[in-house]
J.: 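Here you go, one structure.
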Amino acid sequence: MRSKTSKVALCGVIAALSVVVLFLTGVVPVATIALPAVAGCFLIAVVAETDVRSGVAVYAIVSVLAALLVPDREATLFYIVFFGYYPALYGTLSRIRNSVARWATKLLVFNAAAVLEALLAVWLLGIPLAEMLPFGWPFIPVLVLLMNAVFILYDLALNGLIVFYIRRLHPFVRKYLK
């Protein structure tokens with residue numbers, strides 16, 4: 001019984017920590033993209049110590065709390081549309097054996113999330129489209145290439161974080177969850 005209680009407590013602590021990190025976007029406005037990415041990385045611990053279902057539950061809870069509490073709506077949108085669920089989805093996508101199909105799927109997920117985030121930012125948050133395209137429409141292909149390059153770096157960094165967690169932190173955390 002203690003194990004289940006410890007896992008629920010871990011999920012609660014990770015959810016609270018994620019909300020606090022997202023709340024910091026109101027204090028550090030230049031971190032509108034970086035802090036949601038950091039908040040999403042906390043799901044690594046939840047998925048490693050419990051399961052993907054618990055990771056999705058923590059993502060849902062953090063998304064609702066962030067929508068209610070976080071002052072930076074765009075950062076909340078970044079978390080909800082991509083950074084919040086991607087660490088939980090990462091393990092599922094990594095099971096695709098063919099590396100070309102795996103990367104194509106990852107890029108498809110990212111690009112769909114990027115388009116959805118842009119549309120929601122314009123329609124839901126009222127961000128002017130001109131502000132999102134400071135160099136005009138001809139710059140869109142360059143922007144898409146740059147965004148995909150940054151996503152690939154993020155994916156590789158997430159892989160490194162997962163390996164670090166499993167090798168270094170998992171044995172330490174596992175002792176407390178028994």
Side-chain angles (χ1 to χ4, degrees), residues 1-25 28 31-67 69-70 75-114 116-117 146-178:
M1 186 59 120
R2 181 173 171 233
S3 178
K4 286 184 181 181
T5 305
S6 298
K7 289 178 181 180
V8 170
L10 174 72
C11 291
V13 168
I14 295 297
L17 188 59
S18 296
V19 171
V20 167
V21 168
L22 286 171
F23 192 77
L24 289 176
T25 58
V28 186
T32 300
I33 297 174
L35 289 177
V38 170
C41 288
F42 293 135
L43 278 184
I44 293 169
V46 173
V47 172
E49 302 303 336
T50 59
D51 54 11
V52 175
R53 194 170 132 221
S54 297
V56 172
V58 169
Y59 157 71
I61 290 166
V62 171
S63 296
V64 170
L65 289 173
L69 300 173
V70 174
T76 301
L77 194 58
F78 281 128
Y79 181 85
I80 292 170
V81 173
F82 182 71
F83 290 117
Y85 66 83
Y86 188 73
L89 182 65
Y90 182 87
T92 304
L93 295 178
S94 295
R95 291 186 190 130
I96 300 173
R97 294 206 187 271
N98 184 334
S99 64
V100 173
R102 180 175 55 248
W103 276 104
T105 305
K106 288 180 178 185
L107 288 168
L108 181 67
V109 167
F110 169 72
N111 285 299
L116 180 62
E117 193 281 330
L146 290 173
M147 286 176 27
N148 281 291
V150 170
F151 165 71
I152 290 170
L153 290 174
Y154 170 74
D155 189 81
L156 294 172
L158 189 63
N159 182 53
L161 279 173
I162 292 169
V163 169
F164 173 78
Y165 184 86
I166 296 298
R167 288 185 181 167
R168 300 290 173 128
L169 300 176
H170 179 68
F172 178 74
V173 173
R174 188 53 114 194
K175 279 194 299 187
Y176 290 101
L177 293 180
K178 287 185 179 181

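The structure displayed is predicted, hence computed values, not measured ones.
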J.: If the condition is side-chain contact (heavy atoms from CB on, under 4.5 Å), which residues does Phe23 pass it with, not counting sequence neighbours?
T.: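 Checked Phe23 against side-chain contact (heavy atoms from CB on, under 4.5 Å); matches are Pro71.
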J.: Return the CG to OG1 distance between Leu10 and Thr5, rounded to the nearest 0.5 Å.
T.: 12.5 Å
J.: Calculate, to the nearest 0.5 Å, the distance between atoms NZ and CG belonging to Lys106 and Leu158 respectively.
T.: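 Output value for this atom pair is 8.0 Å.
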J.: Taking only residues two or more places apart in sequence or in another chain, which ones pass side-chain contact (heavy atoms from CB on, under 4.5 Å) with Val20?
T.: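 Here no residue qualifies.
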J.: When rounded to the nearest 0.5 angstrom, what is the spacing between OG in Ser18 and CD1 in Ile61?
T.: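 Reported value, rounded in 0.5 Å steps: 10.5 Å.
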J.: Does the side chain of Leu22 reach to within under 4.5 Å of the side chain of Leu35, using non-hydrogen atoms?
T.: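 Side-chain contact under 4.5 Å: no.
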J.: Between Leu161 and Cys41, which heavy-atom pair has the shortest distance, and what is it?
T.: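 Closest heavy-atom pair between Leu161 and Cys41: CD1-SG, 3.8 Å.
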J.: I'd like to check the side-chain contact (heavy atoms from CB on, under 4.5 Å) partners of Leu108; sequence neighbours left out, ordered by chain and number.
T.: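 If we apply the side-chain contact (heavy atoms from CB on, under 4.5 Å) test to Leu108, skipping adjacent residues, there are no hits.
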J.: To the nearest 0.5 Å, tell me how far Ile33 CD1 sits from Glu117 CD.
T.: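 Result: 8.0 Å between the selected atoms.
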J.: Scan the side chains in residues 47-55 for donor-acceptor partners under 3.5 Å anywhere in the protein, sequence neighbours excluded, and list what turns up.
T.:
from, atom 1, to, atom 2, distance (Å)
Glu49, OE1, His170, ND1, 3.4
Glu49, OE2, Tyr165, OH, 2.7
Glu49, OE2, His170, ND1, 2.7
Thr50, OG1, Val46, O, 2.4
Asp51, OD1, Ser54, N, 2.9
Asp51, OD1, Ser54, OG, 2.8

J.: List the atom pairs, with distances to 0.1 Å, where a side-chain N or O of residues 91-100 and a protein N or O form a donor-acceptor pair under 3.5 Å, not counting sequence neighbours.
T.:
from, atom 1, to, atom 2, distance (Å)
Ser94, OG, Tyr90, O, 2.8
Asn98, OD1, Val100, N, 2.9

J.: Output the distance between atom CD1 (Ile14) and atom CZ (Phe42), rounded to the nearest 0.5 Å.
T.: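 Here the interatomic distance stands at 7.0 Å.
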J.: For Thr32, is there any backbone N or O sitting under 3.5 Å from a side-chain donor or acceptor partner on Thr25?
T.: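 Checked: no pair found.
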J.: Pair up each side-chain donor or acceptor in residues 75-88 with any protein partner under 3.5 Å, not counting sequence neighbours, and list the distances.
T.:
from, atom 1, to, atom 2, distance (Å)
Thr76, OG1, Asp72, O, 3.2
Tyr85, OH, Val81, O, 3.0
Tyr86, OH, Asp155, OD1, 2.5

J.: Taking all heavy atoms of Ala31 and all of Pro36, pick out the closest pair and write down the distance.
T.: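 Shortest heavy-atom contact: O-CD, 3.7 Å.
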J.: Quick check for you: to the nearest 0.5 Å, what is the distance between Leu153 atom CG and Asn148 atom CG?
T.: 11.0 Å
